[in-house]
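What you see below is based on every heavy atom in this structure, not just the backbone, and it leaves out hydrogens, waters and symmetry mates.
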Amino acid sequence: MVTGNATDLAAVLAAINETGGLPISVNMIAEQNAGQFWITVGVSLFGMLFLLIYLAQVARPVLGRIVCRVWLYRIRHRTGRHVLLLKHTQTDLFSQSMIETQTLYAVERALKQFRGEPFDLVLHTPGGQIFATQLLSKVLRAYPGLIRAMVPVYAMSGGTLLALSCTAIFLGESACLGPVDPQVGSFLSSGSARSWQEVVRRKGRRADDFSIQMAFLGRQYAQTLEGMVDTLLVPHIPDPALRARAVDRLASGEVEHARPLDRRDLGLLGLPVGRLDPGVKDLMMSLILEKNVEGVYYL
């Protein structure tokens, strides 16, 4: 092992170089050490960045639960009822947050906690899977206590079915429900059940197998949902003739699936809809605008 100060080391290296030894210098060692140093720094910084990103992803749902619980407590304190939030806003390139089987399981856990006591169902969702929505609707209808559907902004498609499954419906000043006609297809090609039937009607024998299959499947779903909507509307619209008109408007696909139906539109259909208290709506909007809150929460 060679020990000593930098001057001694330089002298030794110079002697080795003069005798034809290794062509090495103090500057070369310094340059190599500097390069290794910056590589080490870069790797360390990358590792720290990756760790921070991971910790942020882990912390987000925890932070969301804490923030959500605070707002739910404030809403419950004001209304005197249990609160169940169903919020779907996240989207990415290939998927979107929506009503699915996991939503069903989370809601059933909440209902066990409520033990038949009245609660408010806060809906902010574009809809979701037909199977999960139908089953969740049955779960809500079987609940022994009173359920108020609260819609601060929108509850479209399957969200509308869930609202109709409740005892009463309350909408914000500019909030809306929407048509519930089924949407079928694949990732590359999808549309309403009525649109697939129109495609097959126009193409006739030139229609491809996939279009024919979607038209047939869409007709099945449409019949099922029309019957389901009629059943859900009985407590809200007892008159059969008026109810049939509402079913046709909601489930037939005569209007676009994204058509917003506000309190006035729903009132013209004979569906009684209350006005959401502005103070309560403001509290609910705080939850909806909270980025770390997504899915099902209850208190």
Q: Could you walk me through whether L84 and D120 pass the side-chain contact (heavy atoms from CB on, under 4.5 Å) test, one step at a time?
A: CA-CA 6 Å; L84 194 161; D120 292 334; over 6 Å; no
Q: Quick check for you: to the nearest 0.5 Å, what is the distance between M284 atom CE and L123 atom CG?
A: 10.0 Å
Q: Using a strict 4.0 Å threshold on nitrogen-to-oxygen distance, state whether D277 and R78 make a salt bridge.
A: yes
Q: Pair F119, Y143 - check ring-ring contact (aromatic ring centres under 6.0 Å, His included), show working.
A: CA-CA 10 Å; F119 74 92; Y143 186 73; 5.2 Å; yes
Q: Can you name the closest pair of heavy atoms from L268 and R245 and give their distance?
A: O-NH1, 3.0 Å
Q: With rounding to the nearest 0.5 Å, note down the distance linking CZ in R263 to OG in S174.
A: 10.5 Å
Q: What closest approach, in Å, do A149 and A163 show between heavy atoms, and which atom pair accounts for it?
A: CB-CA, 3.9 Å
Q: Output the distance between atom CD1 (I169) and atom CG (L266), rounded to the nearest 0.5 Å.
A: 7.5 Å
Q: Can any side-chain N or O of S189 pair as donor or acceptor with the backbone N or O of S186 at less than 3.5 Å?
A: no
Q: Going by distance alone, is a donor N or O of one side chain under 3.5 Å from an acceptor N or O of the other, for E226 and S252?
A: no
Q: At what distance, to the nearest 0.5 angstrom, does CG of L85 lie from CD1 of I288?
A: 7.0 Å
Q: Taking the side chain from K87 and the backbone from V293, do they hold a donor-acceptor pair closer than 3.5 Å?
A: yes
Q: Check R81 against P118 and note the closest heavy-atom contact, atom names and distance.
A: NH1-CB, 3.3 Å
Q: Can the ring centroids of H82 and Y298 be said to lie less than 6.0 angstrom from one another?
A: no
Q: Give the minimum heavy-atom separation between R219 and A193, together with the two atoms involved.
A: N-CB, 4.5 Å
Q: Determine, for E108 against K112, whether the closest basic-nitrogen to carboxylate-oxygen distance falls under 4.0 angstrom.
A: no
Q: By the definition side-chain contact (heavy atoms from CB on, under 4.5 Å), identify the one residue from L164, L250, L140 that meets it with L232.
A: L164
Q: Please determine if R148 forms a cation-pi arrangement with F170, meaning its NZ or CZ atom is less than 6.0 Å from the six-membered ring centre and no more than 45° off the ring axis.
A: yes
Q: Measure from the side-chain N and O atoms of E294 to the backbone N and O of T89, and report whether any donor-acceptor pair falls under 3.5 Å.
A: yes
Q: For V200 versus S211, what's the shortest heavy-atom pair and its separation?
A: CG2-O, 3.6 Å
Q: Nearest 0.5 Å please: distance from the OG atom of S195 over to the CG atom of D181.
A: 9.0 Å
Q: Do L276 and W71 land in one hydrophobic cluster if side-chain heavy atoms of ILVMFWY residues count as linked below 4.5 Å?
A: yes
Q: L86, L161: one ILVMFWY side-chain cluster at the under-4.5 Å cut-off?
A: yes
Q: Strictly distance-based, threshold 3.5 Å: is any side-chain N or O of T167 a donor or acceptor partner for the main-chain N or O of L146?
A: no
Q: Measuring from F131:CZ to L136:CG, what's the distance to the nearest 0.5 Å?
A: 10.5 Å
Q: So, are D230 and R243 salt-bridged, with charged N and O less than 4.0 Å apart?
A: yes
Q: For F210 together with W196, are the ring centres under 6.0 Å from each other?
A: yes
Q: Quick check: does any side chain N or O of T160 sit under 3.5 Å from a backbone N or O of A155, one acting as donor and the other as acceptor?
A: yes
Q: Verify side-chain contact (heavy atoms from CB on, under 4.5 Å) between V280 and T79, making sure each step is shown before the conclusion.
A: CA-CA 8 Å; V280 175; T79 62; 4.1 Å; yes
Q: Answer with yes or no whether the hydrophobic clustering places V273 together with L261; edges join I, L, V, M, F, W, Y residues whose side-chain heavy atoms lie under 4.5 Å apart.
A: yes
Q: Is there a donor-acceptor pair under 3.5 Å between the side chain of T133 and the backbone N or O of Q129?
A: yes
Q: At their closest point, which heavy atom of G127 faces which heavy atom of M98, and how far apart are they?
A: O-CB, 3.3 Å
Q: Does CG belonging to D209 count more than 12 external heavy atoms closer than 6.0 Å?
A: no
Q: Consider only side-chain N and O atoms of H257 and Q183, and report whether a donor and an acceptor are under 3.5 Å apart.
A: yes
